[in-house]
Amino acid sequence: METDLGWWAVPLALIGGAIRISTPFLFVSLGETITEKSGRINLGLEGTLVFGAMIAYGMAYLIGDAWTQAEVAAALAQGLPAPDVSARSYPMAAWLGVAIAAFAGAVFGLVHGLICSLKRVNDIAVGIAMMLFGMGIAFYFGKPFIAPAAPDLPSIPFAGWSDIAQVRDAFNVNVLFIIGIALAVFLWWAFRNTRLGLILRVVGDSADAARALGYDLNLVRTLATAVGGAFAGIAGAFLSLYYPGSWNEGISSGQGLMAVALVIFARWNPIACFWAAMLFGGTSALGPALQAVGVTGGYYLFNAAPYILTLGLMIATSSKNRAMAGAPGELSITR
Amino acid sequence: MSVAEVLEFPVEAPPPAAIGSAAFSVETIGMTKRFGSFAALDDVSIRVRAGTVHALLGENGAGKSTLVKCIMGFYQPSAGQLLINDRETVIKSPKDAHTSGLGMVYQHFTLIPSLTAMENLVISRPHVPPVIDWGKERRDLEAFLANMPFRVPLDTPISELAAGQKQKLEILKQLYLRSKFLILDEPTSVLTPGEAEEVLGLLKGMANRGELTILMITHKFREVEAFCEDVSVLRKGKLTGTGKAADLTRSDMATMMIGEKTLNKVAEREGEPDTGKPILRLEDFVVDDRTGLKTTNIETLAVHSREIVGIAGVSGNGQKELAEALGGQLTLKKGKVSVDGARYSGRREESRSHQVRFIPEEPLRNACAPRMSVAENLSFRTFDEAGEKQVVWLRQGRIRAYARELVRRFGVKTASIAAPIATLSGGNVQRAVLARELTGYVELLIVTNPCFGLDFAAVADIRSQIVAARNRGAAVLLISEDLDEILELSDRIMVMSEGRIVYETPSAGADVMVIGQHMAGHH
Ligand SMILES: Nc1ncnc2c1ncn2[C@@H]1O[C@H](COP(=O)(O)OP(=O)(O)OP(=O)(O)O)[C@@H](O)[C@H]1O
Ligand SMILES: [Mg+2]
């Protein structure tokens with residue numbers, strides 16, 4: 001039941017928006033944090049994200065379709081009437097889509113990492129090339145999937161008890177969001193408390209020292225980029241399989257690029273990445289939320305809110321005397 | 001190297017064969033290293049006996065660092081062999097060296113800047129568990145540090161430590177890793193004499209108990225006499241002498257180092273400070289360090305024309321912040337710095353119009369563009385001026401001619417002025433920066449540890465240059481951790497401790513004991 005909540009609808013929409021819109025930002029920025037901690041920057045994540053969205057959607061659709069066909073065939077073989085499959089949804093097919101997108105993302109990251117391991121190759125230039133490449137082949141292979149409907153990712157109704165539709169909506173939380181939070185906490189812990197985390201930071205901070213300790217810089221960085229790519233692939237799957245929940249060429253509005261900026265904003269801290277993604281998601285919902293309660297003036301201005309806010313916070317929290325705390329020393333943009 | 005090797009060290013690896021509990025000997029035979037056609041090291045054979053402290057002497061650029069880097073597998077020698085305990089051993093990388101029980105403290109720091117001291121120590125171990133139990137590591141480290149003569153803060157990122165503290169940590173790291181053969185490349189240049197004494201005393205004790213063998217590069221004869229059994233001397237890549245320290249006099253060693261040359265004596269200070277003409281003035285000077293936790297606070301400080309004011313103190317007591325604020329790297333929180341009566345913030349126009357020159361610590365990092373050429377680095381003060389006008393097009397010919405002149409005048413040893421400045425030996429980087437900063441008319445000179453890592457001939461040279469600038473009327477603020485240097489050069493001495501100036505005395509009749517007590521924090 002839709003209840004008229006008046007202005008209360010705005011904060012509710014912001015919370016709901018924060019939870020829904022933030023998830024892809026969260027995944028891409030966590031992945032990029034891993035990559036950047038190793039001393040490389042991967043600007044190609046936008047392409048990885050779009051390709052992930054396409055492949056997740058396409059694969060979930062094909063697998064779901066195959067399973068439906070199989071079910072119908074099995075029923076017919078037993079001489080039963082064909083079951084009504086129009087309402088069938090296979091969450092398992094959607095999850096397989098996510099896994100395939102993660103795998104594809106890892107392959108993208110691997111390619112980026114291997115190219116950057118060659119001498120005199122600039123990671124930023126390779127990233128831009130990979131971005132265009134990823135988007136290009138996503139559009140090329142994605143054409144047939146624009147019309148059909150693929151199965152959705154499941155979500156958990158945390159406010160199922162409420163009889164206000166907007167409340168139920170806002171707290172309908174996707175499983176990936178919860179996994180994202182867990183990952184953020186885990187990464188934050190792992191950067192300090194595990195050998196791999198420490199190796200990553202050593203390699204990202206001082207190539208000479210890492211070499212003296214006997215680590216293979218290119219190997220560590222390539223693997224870190226591959227893991228970062230897998231995260232971006234999952235973010236893409238979220239876009240096409242949950243919210244907005246369909247595949248088309250305009251599915252990403254630059255989340256992949258913006259998330260790279262969020263990493264800097266979050267000072268390479270995974271927990272801060274979470275808050276940054278929430279902030280960004282929440283303010284992104286501002287325009288539509290205000291429009292829903294009848295404030296239509298300045299719609300585009302409100303849509304710019306996340307960018308303005310991020311800029312403002314960035315300026316407010318930076319210092320002339322202190323180097324950017326947490327910036328990996330080997331990163332080409334801060335070196 | 002395989003993925004598994006990087007990511008999956010065996011948690012319990014068998015102890016490497018060479019590391020026993022006892023010290024071992026190391027010998028090089030015909031060690032040679034060429035960079036292009038230039039032989040930085042030419043047929044050097046030395047023997048470091050087990051359980052001794054062996055000094056390696058030589059002027060700047062003689063090839064000392066190159067020799068030890070060949071031993072450590074950092075460079076592959078062009079020819080020659082290495083014997084460990086009289087068995088031929090091939091060391092391909094620093095990691096190999098480590099498994100053979102060799103450890104080195106490099107001339108430049110190799111700690112990871114953003115990691116804390118504790119993280120640096122733990123990650124340097126060959127076997128780090130997949131999940132690190134920091135509580136246990138901290139207890140182990142505290143127990144280890146309890147037997148060490150000096151401490152470092154465990155939880156501060158390295159980038160916030162002063163040079164002296166980093167050096168101590170580098171040495172601690174090697175002891176922590178249980179290296180049995182320790183190479184120290186100028187370990188005491190950033191330690192106070194007292195600290196140096198303590199550190200070397202401890203290391204010598206360990207060596208003489210047969211726990212350790214030490215090869216130490218140094219420029220200080222006093223350390224050779226007090227702490228070393230044997231000496232080897234290099235000149236221009238060749239071994240010019242080797243023997244027992246007890247059998248050699250200082251002049252024997254000096255002759256082996258530089259040949260039969262006469263030394264410049266440090267110029268005498270001439271004329272009295274012009275107390276009516278203050279050049280540099282600090283008032284209510286307050287600056288926070290990079291963590292924002294420690295504050296340096298100087299109420300008043302004036303340096304007059306024809307005066308050298310020496311700031312003594314143990315590293316990490318605010319000298320770094322003072323120098324960085326004067327150099328414009330840190331902004332003041334409060335107060336005022338003026339030069340010649342005008343407010344000064346370290347901008348290029350200001351330093352140019354008042355002829356302010358600045359030599360920070362770790363000059364390769366703080367005053368050079370490491371990958372640019374020697375010639376370009378030497379031209380940083382002058383490349384853009386042509387008389388009164390600013391230049392638009394760089395005049396490469398002029399830049400090169402100027403660089404050649406400075407390289408000749410200051411004796412900078414470099415393969416070519418087109419070589420990246422990072423390829424110069426430690427002492428020669430220092431000379432190059434000094435050459436740039438001391439050339440031309442200087443009104444105010446701010447120097448931090450100017451003789452860090454210079455051989456004795458160069459030390460005399462550089463100190464003469466500083467005194468000569470003073471005699472010409474320059475005001476000099478000399479921040480140094482070398483108390484002898486402060487006593488030798490200064491007109492007035494101040495002691496910094498915990499971010500404040502705690503003691504001031506004219507250098508004539510200054511009491512070293514009193515200064516030492518203030519440095520140690522007893523006021
Ligand atoms: N990677 C390199 N490429 C080219 N030349 C080099 C390189 N490393 C060292 N050299 C040259 O080899 C010579 C010896 O350098 P080395 O660093 O061994 O001197 P050093 O004896 O340690 O001097 P210092 O006391 O100043 O540290 C120097 O002339 C230096 O310019
Ligand atoms: Mg050297």
Side-chain angles (χ1 to χ4, degrees), chain A residues 36-39 110 113-114 117 120 186-187 189-224 226-227 267-269 317-332 334-335, chain B residues 1-9 11 72-74 92-99 104 106 108-116 118-120 122-135 137 157-160 177 287-292 321 324-325 328-333:
Chain A
E36 289 189 16
K37 280 270 184 196
S38 81
L110 212 55
L114 288 176
S117 301
R120 296 184 168 277
F186 171 76
L187 284 178
W189 173 84
F191 282 145
R192 299 150 193 260
N193 293 293
T194 66
R195 182 177 63 209
L196 282 182
L198 233 48
I199 291 177
L200 205 63
R201 287 165 61 202
V202 169
V203 169
D205 206 41
S206 169
D208 281 343
R211 249 181 246 119
L213 290 175
Y215 296 118
D216 182 337
L217 300 184
N218 282 328
L219 182 67
V220 173
R221 289 179 177 165
T222 302
L223 291 179
V227 174
R267 304 282 141 85
W268 297 270
N269 174 348
T317 55
S318 62
S319 153
K320 208 157 109 188
N321 277 349
R322 251 165 281 170
M324 257 205 269
E330 289 290 322
L331 212 56
S332 47
T334 53
R335 193 159 53 181
Chain B
M1 180 188 288
S2 71
V3 177
E5 264 177 86
V6 172
L7 304 179
E8 284 303 325
F9 291 114
V11 176
M72 283 301 292
F74 202 87
K92 289 213 188 66
S93 67
K95 205 174 166 187
D96 277 6
H98 187 89
T99 34
M104 170 158 173
Y106 291 89
H108 58 264
F109 300 117
T110 58
L111 299 164
I112 299 116
S114 74
L115 267 56
T116 64
M118 184 152 70
E119 289 173 330
N120 264 288
V122 169
I123 195 66
S124 65
R125 265 194 340 227
H127 308 295
V128 185
V131 173
I132 300 159
D133 177 354
W134 286 119
E137 298 293 348
I158 303 306
S159 53
E160 286 155 21
L177 294 175
V287 61
D288 282 344
D289 74 342
R290 287 182 196 277
T291 53
E321 285 71 30
E324 288 191 352
Q329 287 168 282
L330 284 177
T331 36
L332 293 191
K333 193 173 166 196

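In what follows, every chain begins at residue 1, and chains take the letters A, B, ... in the order their sequences are listed.
- Residues Ile123(B) and Tyr215(A) meet the side-chain proximity criterion, which asks for heavy atoms closer than 4.5 Å.
- Atom CG of Leu213(A) is separated from atom CZ of Arg125(B) by 12.5 Å, given to the nearest 0.5 angstrom.
- Taking OG of Ser206(A) as the start and CG of Asn120(B) as the end, the distance is 9.0 Å to the nearest 0.5 Å.
- The residue among Pro94(B), Ser159(B), Pro113(B), Ser93(B) with the most heavy atom pairs within less than 4.5 Å of chain A is Pro113(B).
- Taking the side chain as every heavy atom from C-beta outward, Ile112(B) and Arg201(A) never approach each other to under 4.5 Å.
- Using a 4.5 Å heavy-atom cutoff, the side chains of Thr194(A) and Pro130(B) are not in contact.
- Contact of Asp208(A) with chain B is not made at all, since no heavy-atom distance falls under 4.5 Å.
- Arg195(A) and Val128(B) get closest at one heavy-atom pair: NH1-O, 2.6 Å.
- Residue with the most contacts toward chain A among Val131(B), Asp96(B), Thr110(B): Val131(B) (heavy-atom pairs, distance under 4.5 Å).
- Counting heavy-atom pairs closer than 4.5 Å to chain A, the top residue among Leu115(B), Val122(B), Leu111(B) is Leu115(B).
- Ser114(B) touches chain A through backbone and side chain together, each having a heavy atom under 4.5 Å away.
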